[in-house]
Amino acid sequence: LLSTPHDTAMLVGVLFVAPMVITALWDRIRVNLDVAGTLRAHLQGGAFCRYMNSTSKAREHMPTSLMGQVILNDAQKVVDDGFMKVFGCVNVCVKLVIVTAFVYVENPSAVWVAVLFPIIMAIWLRCRTGSSRSKMIAMQYQFVKECNAVCTYQSTFA
């Protein structure tokens, strides 16, 4: 590959270690970004501002326990169980595209395996997550119902 065996060994060593270093740095950057925390704070702040901007008469009719539940519990569930799952799905899709491209370059006749794999996984996940999907829909419905209650109380007395 290079002019001397030593240089080739050094290149192979760098190529072996570099992806792990890049992955470790990306993990550290991702933790420092704190996307979930920022989203949670924005959602909680928006709900609290909406509550505080309502009239005092509307706040009297709005149970503070419901508002506390929306701000403290439901916002966290929506971010963690909802929006942050999108990043995991994108991560898996990118990996599948990379694997499919690699298979296509190395052995174009084997692309059907790389294409069939996500289809089989989607069928398996669909069969497996039927009950958890209904739980997620129920949780989303409850959150929307509570947010609508806050908005209704605010618009009624505004």
Side-chain angles (χ1 to χ4, degrees), residues 1-53 65-151:
L1 193 65
L2 295 176
S3 59
T4 65
H6 181 267
D7 292 342
T8 303
M10 293 297 288
L11 178 65
V12 169
V14 167
L15 291 175
F16 183 73
V17 172
M20 290 182 267
V21 171
I22 291 170
T23 304
L25 289 174
W26 173 246
D27 285 342
R28 184 175 213 125
I29 290 169
R30 191 174 57 181
V31 167
N32 289 336
L33 285 175
D34 191 26
V35 174
T38 304
L39 288 171
R40 192 177 309 110
H42 183 70
L43 188 60
Q44 289 170 334
F48 185 70
C49 284
R50 180 96 181 196
Y51 177 71
M52 293 306 292
N53 287 334
S65 61
L66 179 63
M67 197 61 215
Q69 181 181 354
V70 167
I71 291 174
L72 297 176
N73 298 332
D74 294 343
Q76 182 174 357
K77 286 179 186 176
V78 167
V79 171
D80 292 342
D81 296 339
F83 187 77
M84 294 309 292
K85 299 292 182 187
V86 172
F87 290 120
C89 292
V90 169
N91 189 12
V92 169
C93 289
V94 168
K95 286 180 183 179
L96 285 172
V97 167
I98 291 170
V99 167
T100 304
F102 177 77
V103 168
Y104 180 73
V105 169
E106 292 298 319
N107 187 3
S109 65
V111 170
W112 67 272
V113 175
V115 172
L116 188 63
F117 176 72
I119 294 170
I120 292 172
M121 289 299 294
I123 292 170
W124 180 75
L125 285 173
R126 178 72 176 133
C127 294
R128 184 169 183 245
T129 59
S131 63
S132 62
R133 185 168 187 262
S134 62
K135 289 178 188 175
M136 183 62 130
I137 289 172
M139 188 173 72
Q140 290 171 348
Y141 175 75
Q142 181 65 25
F143 181 75
V144 169
K145 184 176 156 185
E146 291 168 359
C147 287
N148 284 338
V150 171
C151 294

Note to self: With side chain to side chain contact (heavy atoms under 4.5 Å, CB included) as the criterion, how do D27 and V31 come out once you've worked through the C-alpha distance, each side chain's angles and the decisive distance to 0.1 Å?
What the structure shows: CA-CA 6 Å; D27 285 342; V31 167; 5.7 Å; no

Next item on the list: Evaluate the ring planes of F48 and Y51, with Trp represented by its six-membered ring, and classify them as parallel (under 30°), tilted (30 to 60°) or perpendicular (over 60°).
Entry: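 F48 and Y51: tilted rings.
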
Got [X] and [Y] here, is their nearest side-chain heavy-atom distance under 4.5 Å?
X    : Y    : answer
V35  : R30  : no
L43  : L39  : no
V103 : V113 : no
F117 : T100 : no
V90  : F87  : no

Next item on the list: Take W112 and V115, measure what side chain to side chain contact (heavy atoms under 4.5 Å, CB included) needs, and give me the verdict at the end.
Entry: CA-CA 5 Å; W112 67 272; V115 172; 5.7 Å; no

Testing the basics here: between [X] and [Y], what is the closest heavy-atom pair and its distance to 0.1 Å?
X   : Y   : answer
S3  : D7  : OG-OD2, 3.7 Å
D80 : A36 : OD1-CB, 4.3 Å
T38 : L33 : OG1-O, 4.1 Å
Q44 : A75 : CG-CB, 3.6 Å

Notebook entry, point to check: So with a 6.0 Å cut-off around CE of M10, is the heavy-atom count from everything else above 12?
Noted result: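 No - once you tally the heavy atoms of other residues, nucleotides and ligands closer than 6.0 Å, there are 12 at most.
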
Next item on the list: Have a look at Q69 and tell me which of N73, L72, I71 forms a side-chain contact (heavy atoms from CB on, under 4.5 Å) with it.
Entry: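 Between Q69 and the candidates, side-chain contact (heavy atoms from CB on, under 4.5 Å) is satisfied uniquely by N73.
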
